[in-house]
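Single-structure report; data block below.
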Amino acid sequence: MKREDINFMLQKADRDSLRDLYKSIKNKHSVEILQSPTAQTLLQPIKDPISGGEFYAGEVLVTTTIVSVGDRQNKGWAMVQDDEEQLSLYVSVCDGAFGAGYFVDEIESLMKQTQLELEKHQIKINRKINSTKVSFDLMQES
Amino acid sequence: MGYVAVKGGEEAIKNSLSFYDEEFKGDIKPKDIRESLSFAVDKIMSEGSLYSKKLSSVAIKKSAGDLLNAAFFLRAHRSSCARVGMAKTINTDDMRIIRRVSSAFKDIQGGQILGPSNDYEVKLILKKVANKTIWSEFISDDIFVESALKPLRNKGLIKELKKDREIADITRIFPNSPYPRSAVLQIMSRGEGGSMLAFAYTTMRGYGDVHPTIGDLRIGKCDVKFTHPFTSKEVKIAEIESTSCEAVGTLEKQEDGSTKLTTGYGFCFGFNETKAISMAILDISLYSSSHSIGSGSIASDFDMILHHIDGVESMGFTNHYKLPHYVTFQSNLQVLMNAKEHNGGEK
C-alpha cells in the first residue's frame, strides 16, 4: 500500500473503523489543523475524441483538509469527494500519520480490509453488468 | 425602457417563504432522493455543472422537485466555492463500463452491454413480477474498452476537427463568435437536457439532415485524479459516474479531396444518455455542413444553440417576467392611450 492510495481507499473505509483510527492517532500524537475542511471545486477536463483537444465538463465538489501530525513538518492532506468535512479530516490525519511513519500497520490494515470489501462489491456489480451482454440476431428476409 | 426596481414587501416575502417551506416540506430525506431518483440527481449535477450527488439531492428537496430550480440551487452553490485547481483529464476510453451500446456495429470489442436499463420494458404502469436472476452464474470480469469508433479513427476514416490551443472556460469568460470548440462542448455539457433534445430533434424532422447512428454510447465510472501537494504524486480523488456518446453523421467531402465520416461527441456528468446523444447530434449539426437542407438549419447555428440551451439562464430570464413590471407596462399602456388620443379618440 502506498501513501497515494490512502486518499481514495479510506474514503470507502468503514466509517466507524476510520473514526477509531483517527482518534487513536490523535490520542498519541498532536494534531494541528492547518486548513479546516473546506468545500472546494476541481475543474474537470475531458478529452474530445474528435479534435484531440480537451474541454471542461464541469466541476467536482471536494472537501480539502491540511493537518500536521506530531511534528509540524509532518503534513497530512485529504481531498475527498463531495461535501464531507469529518471524512476529510479523518483521511488527512491518516495521511499525515502515514507520511510520518506513525500507525502505518493500522492504516495499511484498514486499507487492505477496505480493498477487499471494494473488490467483493465490484465482483457483484460486474456479474450483473456481464449478465446484460447481448448480441442481437439479424432477422432474415423470407 | 429599462426595468424600474421595486422595494418593500419584506413581510409578505418572508411569509411566502415560510408557507413554501411548510407546504413542500414532506418527509423524504435527501439520502432517499439520492438512492431512488438517480436520474433526477444526475440531471441536476450535469446542468448545475457541479458533481455532488449529496448537494444535488438537497437541491431537489429544496426545490420540491422543480428540476430547473434545483439546477439553479446547485449552480449558485458552485459559484460560492473556491476552485482549488484542475483535475487530470478524463479519457472516456478508460471508463469502467456499466452500459455500452453501439447501433453502428453488431459485433464490437467488449460486446454490447445493456447495463441497468428499462429500454425494452413495456411502458405501462403495471406491477412487475420480480425476475430472479442468479447473478453468480455470470462472469465477474471488469469491462474497460476503447470506443467502438477508435478503429475507424485510426484508419483515418473519421473527420477531425481543429484542436483549441487553450481550453476555454465559459464560467470565467463567455466567448464571442467564432466560438472555440472547447467552449461549445462546455456549454453543451452543462446545457438543459430538454432544450438540447428539442434542438437535436429539429435536425431529424426536416429542419436539418442529421440521421445519426450511435457509434459508441457508454455510461460508467471515471477516475478523478489530482496531485498530492506534499508528495507531488498522482492521487485518486473520486469516481464519477458519467455518460459519453459518439454519434456518426454522414459522409462529407474534405478540403483535401478525401471523403470522411462526420461524428459528434457528447459527454455529461451522471447517467444521462438522452442528453449525451442530443449533445452528440448537435455537435454533428454544428460542425458538419448539411447536404439536403444547407447550412441554414436551426441546429447548425452556433448562436442559436449556445445562447438557448442553458436551463438556469433561460428559466431565469423567463421567470423574471413575473416580477413587478408595473412601470414598464404602464409606460406601454400610456403610449397606446396617447396614440389613440392623437388619432382623435380612436376606439
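Labels below follow one simple rule: chain letters A, B, ... track the order of the sequence lines, proteins then strands, and each chain is numbered from 1.
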To the nearest 0.5 Å, how far apart are NZ in B/Lys54 and CD in A/Glu84? 3.5 Å

What part of B/Asp283 is in contact with chain A, defined as an atom under 4.5 angstrom from a non-hydrogen atom: side chain, backbone, both or neither? side chain

Determine the option with the most heavy-atom pairs under 4.5 angstrom with chain B, choosing from A/Lys133, A/Gln40, A/Gln81, A/Arg127. A/Arg127

How far apart are the C-alpha atoms of A/Met79 and B/Val235, what are their side-chain angles, what is the distance that settles it, and do they pass the side-chain contact (heavy atoms from CB on, under 4.5 Å) test? CA-CA 9 Å; A/Met79 181 182 273; B/Val235 172; over 6 Å; no

Using a 3.5 Å cut-off and no angle test, enumerate the donor-acceptor pairs between side-chain atoms of residues 105-114 of chain B and protein atoms at least two apart in sequence or in another chain.
unit_1, atom_1, unit_2, atom_2, d
B/Lys106, NZ, A/Ser135, OG, 3.4
B/Lys106, NZ, A/Phe136, O, 3.2
B/Gln112, OE1, B/Ser102, N, 2.8
B/Gln112, NE2, B/Ser102, O, 2.9
B/Gln112, NE2, B/Phe105, O, 2.7
B/Gln112, NE2, B/Lys106, O, 3.4

Is B/Ala183 in contact with chain A via its backbone, its side chain, both, or neither, using a 4.5 Å heavy-atom distance? neither

Mind checking the CG-CH2 spacing from A/Asn126 to B/Trp135? Nearest 0.5 Å is all I need. 12.5 Å

The reported gap from CE in A/Met9 to NZ in B/Lys236 (rounded to nearest 0.5 angstrom) is 8.0 Å

Who wins among A/Thr38, A/Ile46, A/Val60 for the most heavy-atom pairs under 4.5 Å with chain B? A/Ile46

Okay, A/Asp95 and chain B: the region with an atom under 4.5 Å from a heavy atom over there is side chain

Determine which pairs satisfy side-chain hydrogen bond (donor to acceptor under 3.5 Å, both in side chains) with at least one residue from residues 77-91 of chain B, sequence neighbours left out, and list them in order. A/Glu54-B/Thr89, A/Glu59-B/Arg78, A/Glu59-B/Arg83, B/Arg83-B/Asp169, B/Arg83-B/Thr171, B/Lys88-B/Thr227

If I measure from the heavy atoms of chain A, does B/Arg153 come under 4.5 Å with its side chain, its backbone, both, or neither? side chain

Would you check if the side chain of B/Glu246 reaches a backbone N or O of A/Ile50 as a donor-acceptor pair within less than 3.5 Å? no

For chain A, which candidate among B/Arg181, B/Lys233, B/Arg190 shows the most heavy-atom pairs at distances under 4.5 Å? B/Arg181

Of the backbone (N, CA, C, O) and the side chain (C-beta and beyond), which part of A/Ile125 lies under 4.5 Å from a heavy atom of chain B, both, or neither? neither

So B/Thr231 and A/Lys2, side-chain contact (heavy atoms from CB on, under 4.5 Å) or not? Walk me through it. CA-CA 11 Å; B/Thr231 66; A/Lys2 300 193 296 287; over 6 Å; no

Decide yes or no on side-chain contact (heavy atoms from CB on, under 4.5 Å) for A/Leu42 and B/Val84, but give the supporting numbers first. CA-CA 6 Å; A/Leu42 265 185; B/Val84 68; 3.7 Å; yes

Tell me which of these, B/Gly48, B/Pro116, B/Ser136, has more heavy-atom pairs under 4.5 Å with chain A than the rest. B/Ser136

Does CG belonging to A/Leu116 count more than 12 external heavy atoms closer than 6.0 Å? yes

I need the A/Phe55 CZ to B/Asp164 CG distance, nearest 0.5 Å. 11.5 Å

Using a cut-off of under 4.5 Å on heavy-atom pairs, state which of A/Ile6, A/Thr64, A/Asp48 scores highest against chain B. A/Asp48

Contact part of B/Arg96 toward chain A, heavy-atom cut-off under 4.5 Å: side chain, backbone, both or neither? side chain

Tell me whether A/Lys26 at atom NZ has more than 12 heavy atoms from other residues, nucleotides or ligands lying less than 6.0 Å away. no

How close do B/Cys81 and A/Ala39 get, heavy atom to heavy atom, and via which atoms? CB-O, 4.1 Å

Which atoms of B/Ile158 are under 4.5 Å from chain A, going by heavy atoms: the side chain, the backbone, both sets, or neither? neither

Between A/Ala78, A/Gly53, A/Ala57, which has the largest tally of heavy atom pairs under 4.5 Å with chain B? A/Ala57

Given the rule in the side-chain contact (heavy atoms from CB on, under 4.5 Å) test, do A/Trp77 and B/His228 qualify, once you have shown the distances and angles that lead to the verdict? CA-CA 8 Å; A/Trp77 170 86; B/His228 192 297; 3.5 Å; yes

Distance, nearest 0.5 Å, that separates CD1 of B/Ile240 from CG of A/Leu61: 12.5 Å

Let me confirm one number: the CG-CD distance from B/Asp142 to A/Gln122, rounded to the nearest 0.5 Å. 5.5 Å

Tell me, yes or no, whether the heavy-atom count around B/Glu121 atom CD, taken from other residues, nucleotides or ligands under 6.0 Å, exceeds 12. yes

Nearest heavy-atom pair of B/Ala87 and A/Pro45: which atoms, and what distance? O-CD, 3.3 Å

Report the option among A/Leu138, A/Val134, A/Ile123 that has the most heavy-atom pairs separated by less than 4.5 Å from atoms of chain B. A/Val134

With chain A, the option among B/Val101, B/Leu55, B/Asp141 that has the most non-hydrogen atom pairs under 4.5 Å is B/Asp141

Is there a donor-acceptor contact under 3.5 Å from the side chain of A/Asn130 to the main chain of B/Ile139? yes

Please report the shortest heavy-atom distance between B/Tyr265 and A/Lys47, naming the atom on each side. CE2-O, 3.8 Å

